[in-house]
Amino acid sequence: MEDGIISEARANVDLGVGLRVVVGDQVGYAYTEDLSDEAMLSAARSAAAIAHGSSVALPGAFTAATPGRFYELPVAWSDVAVDAKLPIIRRVAELAKAGDASIDKINVSWNDEDERVLIVDLEGHMVVDRRPMTRLNVSTTAKKGDVSQSGGSNLAARHGIDWYTEERLQTVAREAVDRTMMLFEARQPPAGELPVVLAAGASGILLHEAIGHGMEADFNRKNTSIYADMIGKPVAPEFVTIVDDGTLPNERGALNFDDEGMPTERTVLVDHGVLASYLHDRISARHYGLSASTGSGRRQSFRHVPLPRMRCTTMLDGPHTRDEIVASVERGIVAETFTNGQVQIGAGDFTFYIKNGWLIENGKVTAPIRDCNIIGNGPEALRAVTMAANDSKLDTGGWTCGKDGQGVPVSQGLPTVLVSKMTVGGTHA
């Protein structure tokens, strides 16, 4: 919906099969959108030609896994008519319009999916999973005189249409308006090396990008991650525990089974400051001599080979409070929402643009800020965490993680965290 008009609507069905052949660490993969026997056998031969090895006996029968329960819906999205969605879209646009008289333009986008997955392997396992997904995005533009500012907010989860309550619609509309209006009063922050407070929730993007990717096992197996020889060693203060959990009901990054047919789990990556585990698919688990993967083998679709990927990544509660953290900072910033980040996964070097944030002066949050970057190194920033609050939360936004040309839905979160020093790219010292 744009300016009160439904300007575009699309529906799409995507169907196909992917076949993987693994010999040692060598992987062959092929896919086809033609589900005839001839086409599937041709794809299987193509995959086998990439990874040569001796033949394997076919299983006598397949054993079906018990269906998962992390995102059962009373009504599947494929059974929800368009006319049931339109009132939700119109309502959130009305709420955003009423949020401030300066709101000049509103754009609302909606997406829902009903993904059905069948996975079988040569060990005789068979998994069937039905994965719902929905996302609502609200963008607002406000105008004061000749100055325009834009902001937005979104909701995403493996829920059904009943999830869109009036309270949630009010929250997403209010966030979009507030993030837009605060930019009119925002000023440019000081530049240089400063303490940075990462706000609870959406700041998890930095945890995900600058730190989490380095804990995916394929990067470590290839010795391209800084964490490749750090299992059992301290990588953060003792009060820091980081988990990646695929079992959180209805979360965007939740999975009953990963894309290798393995049940997902709650994986502790950093346990009280010590690197405890990587995220493994079946290939990396075998390489490291583990009895099973962590249920982290994920792919975008049947066209893509599974890779070790994050699911719902967050840092658990720390021993401090948000007020204590802010009061401890003489001069610094709060980073609240982010956009346009770049990360070098091996080394962990990053740059993130702060869309919304705040200045801290003499232990108090004073003015909103805009037009600044934070620049640093993920592993170094993790070691430089000096305080973490007891307000950890997952962000409900529609995050999608990109890796090797594949995008998969994820969730991420963080408590309020103080990084003792980080380079802030403002405009004046």
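One is the number of the first residue; the rest follow in order along the sequence. As the structure is a computational prediction, the values presented were derived from the model and not from experiment.
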Original post:
Is Ser293 reaching over with its side chain to a backbone N or O of Ala285, donor-acceptor style, under 3.5 angstrom?
Top reply: no

Original post:
Taking atom types as modelled, is there a side-chain donor on Thr267 or Glu265 under 3.5 Å from an acceptor on the other?
Top reply: yes

Original post:
Does the side chain of Met133 come within less than 4.5 Å of Glu115's, by heavy atoms?
Top reply: no

**OP:** State plainly whether the residues Asp3 and Lys97 are in salt-bridge range, i.e. N to O under 4.0 Å.
**Re:** no

**OP:** Give, for atom CD of Glu216 and atom OG of Ser225, the distance between the pair rounded to the nearest 0.5 Å.
**Re:** 9.0 Å

Original post:
Can any side-chain N or O of Ser7 pair as donor or acceptor with the backbone N or O of Met1 at less than 3.5 Å?
Top reply: no

Original post:
Can you tell me if CD on Glu167 sees more than 12 non-hydrogen neighbours from other groups inside 6.0 Å?
Top reply: no

Original post:
Judged by modelled atom types alone, do His287 and Ser284 share a side-chain donor-acceptor pair under 3.5 Å?
Top reply: no

**OP:** Provide the full list of ring pair (Phe, Tyr, Trp, His ring centres under 6.0 Å) pairs with a residue in residues 144-182, sequence neighbours left out, each pair given once.
**Re:** Trp110-Tyr164, His159-Trp163

**OP:** Grab the two heavy atoms, one from Ser78 and one from Asp114, that are nearest each other, plus how far apart they are.
**Re:** OG-OD2, 2.9 Å

**OP:** Indicate the atoms forming the closest heavy-atom contact of Val147 with Gln149, along with that distance.
**Re:** CG1-NE2, 4.0 Å

Original post:
Nearest heavy-atom pair of Asp258 and Ile119: which atoms, and what distance?
Top reply: O-CD1, 3.4 Å

Original post:
Any idea which heavy atoms bring Glu260 and Pro306 closest together, and the distance?
Top reply: CG-CB, 4.0 Å

**OP:** Answer with yes or no whether the side chains of Arg266 and Thr294 bring together a donor and an acceptor at under 3.5 Å.
**Re:** no

**OP:** Could you list the residues that satisfy salt bridge (charged side-chain N to carboxylate O under 4.0 Å, His left out) with Glu72, not counting sequence neighbours?
**Re:** Arg69

Original post:
Taking the side chain from Ser392 and the backbone from Leu316, do they hold a donor-acceptor pair closer than 3.5 Å?
Top reply: no

Original post:
Would a 4.5 Å heavy-atom cut-off, applied to side chains only, mark Cys401 and His208 as touching?
Top reply: yes

Original post:
Do Thr141 and Asp104 meet the criterion of a side-chain donor-acceptor pair at a distance under 3.5 Å?
Top reply: no

Original post:
With a 4.5 Å limit on heavy-atom distance, are the side chains of Val27 and Ile50 in contact?
Top reply: no

Original post:
Rounded to the nearest 0.5 Å, what separation is found between the OG atom of Ser139 and the CG atom of Asn137?
Top reply: 4.5 Å

**OP:** Taking the side chain as every heavy atom from C-beta outward, state whether Met310 and His213 have any pair of such atoms under 4.5 Å apart.
**Re:** yes

**OP:** Would you indicate whether the side-chain heavy atoms of Arg298 and Pro409 approach each other to under 4.5 Å?
**Re:** yes

**OP:** Please indicate whether Glu193 has more than 12 foreign heavy atoms, meaning atoms of other residues, nucleotides or ligands, lying under 6.0 Å from its CD.
**Re:** yes

Original post:
Does Val197 reach the side chain of Val329, with side-chain heavy atoms less than 4.5 Å apart?
Top reply: yes

**OP:** Check for a donor-acceptor pair, side chain of Thr351 on one end and backbone N or O of Val343 on the other, with a separation under 3.5 Å.
**Re:** no

Subject >> Any donor-acceptor pair under 3.5 Å from Asp395 side chain to Gly397 backbone >> reply: yes

Original post:
Does any donor atom in the side chain of Tyr353 or Asp371 lie under 3.5 Å from an acceptor atom in the other side chain?
Top reply: yes

Subject >> Stepwise salt bridge (charged side-chain N to carboxylate O under 4.0 Å, His left out) check, Lys105 with Glu2 >> reply: CA-CA 8 Å; Lys105 189 178 184 66; Glu2 189 170 5; 3.3 Å; yes

Original post:
Is it the case that Arg158 and Thr134 place a side-chain donor and acceptor less than 3.5 Å from each other?
Top reply: no

**OP:** Applying side chain to side chain contact (heavy atoms under 4.5 Å, CB included), run through Ile360 and Val326 and close with a yes or a no.
**Re:** CA-CA 7 Å; Ile360 302 177; Val326 172; 4.3 Å; yes

Original post:
Distance-only, no hydrogens or angles: does the Ser277 side chain make a donor-acceptor pair with backbone N or O of Leu269 under 3.5 Å?
Top reply: no

Original post:
So do the side chains of Leu19 and Tyr31 get within less than 4.5 Å of each other, counting heavy atoms only?
Top reply: no

**OP:** Start with the C-alpha gap between Ile103 and Met181, add the side-chain angles, then the distance that decides, and say whether side chain to side chain contact (heavy atoms under 4.5 Å, CB included) holds.
**Re:** CA-CA 9 Å; Ile103 297 297; Met181 300 310 300; 4.3 Å; yes

**OP:** Flag the pair Lys364 and Asp323 as a salt bridge only when some basic side-chain nitrogen lies within less than 4.0 angstrom of an acidic carboxylate oxygen.
**Re:** no

**OP:** Could you tell me whether the side chains of Asp34 and Ser36 share a donor-acceptor contact shorter than 3.5 Å?
**Re:** yes

**OP:** Could you tell me whether the side chains of Glu336 and Trp358 share a donor-acceptor contact shorter than 3.5 Å?
**Re:** yes

Original post:
Glu175 side chain to Asn154 main-chain N or O, any donor-acceptor pair under 3.5 Å?
Top reply: no

**OP:** Provide the closest heavy-atom pair for Thr140 versus Ala176 in the form atom of the first, atom of the second, distance.
**Re:** OG1-O, 3.2 Å

**OP:** May I ask you to check whether Phe239 and His272 place their ring centres under 6.0 Å from each other?
**Re:** no

Subject >> Inter-residue atom distance Asp404.CG - Gln300.CD, 0.5 Å rounding >> reply: 11.5 Å

Original post:
Is it true that the side chains of Thr337 and Asn356 contain a donor and an acceptor less than 3.5 Å apart?
Top reply: yes

Subject >> CA sep, side-chain torsions, deciding dist, call: Asp218, Lys403, salt bridge (charged side-chain N to carboxylate O under 4.0 Å, His left out) >> reply: CA-CA 12 Å; Asp218 52 345; Lys403 177 178 176 180; 3.0 Å; yes

**OP:** Scan for salt bridge (charged side-chain N to carboxylate O under 4.0 Å, His left out) pairs involving residues 300-315, sequence neighbours excluded, and state none if there are none.
**Re:** Asp14-Arg303, Glu33-Arg303, Asp244-Arg311

Original post:
Should Asp112 and Lys85 count as an ion pair when the cut-off is N to O under 4.0 Å?
Top reply: yes

**OP:** I would like to know whether Ile333 and Ile374 meet side chain to side chain contact (heavy atoms under 4.5 Å, CB included); could you show each step before the answer?
**Re:** CA-CA 10 Å; Ile333 65 169; Ile374 53 174; 4.2 Å; yes

Original post:
Does the pair Glu361 and Arg187 meet the rule for a salt bridge (charged side-chain N to carboxylate O under 4.0 Å, His left out), with working shown?
Top reply: CA-CA 14 Å; Glu361 298 172 297; Arg187 65 199 209 198; 3.4 Å; yes

Original post:
Under a 4.0 Å N-O cut-off, is there an ion pair linking Glu8 with Arg10?
Top reply: yes

**OP:** Assert yes or no for the condition that the ring centre distance of Phe219 to Tyr278 is strictly below 6.0 Å.
**Re:** no

Original post:
What is the minimum heavy-atom distance between Ala142 and Phe184, and which atoms define it?
Top reply: O-CZ, 3.5 Å

**OP:** Test Ile325 against Arg322 for side chain to side chain contact (heavy atoms under 4.5 Å, CB included), laying out the working first.
**Re:** CA-CA 5 Å; Ile325 290 174; Arg322 181 185 183 278; 5.7 Å; no

Original post:
CG/Asp349 to CG/Asn377 distance, rounded to the nearest 0.5 angstrom?
Top reply: 5.0 Å

Original post:
Looking at OH of Tyr29 and NE2 of His304, how far apart are the two atoms once the value is rounded to the nearest 0.5 Å?
Top reply: 8.5 Å

Original post:
Does any non-hydrogen side-chain atom of Val17 lie less than 4.5 Å from one of Leu35?
Top reply: yes

Original post:
What distance separates Arg286 CZ from Asp281 CG, expressed to the nearest 0.5 Å?
Top reply: 9.0 Å

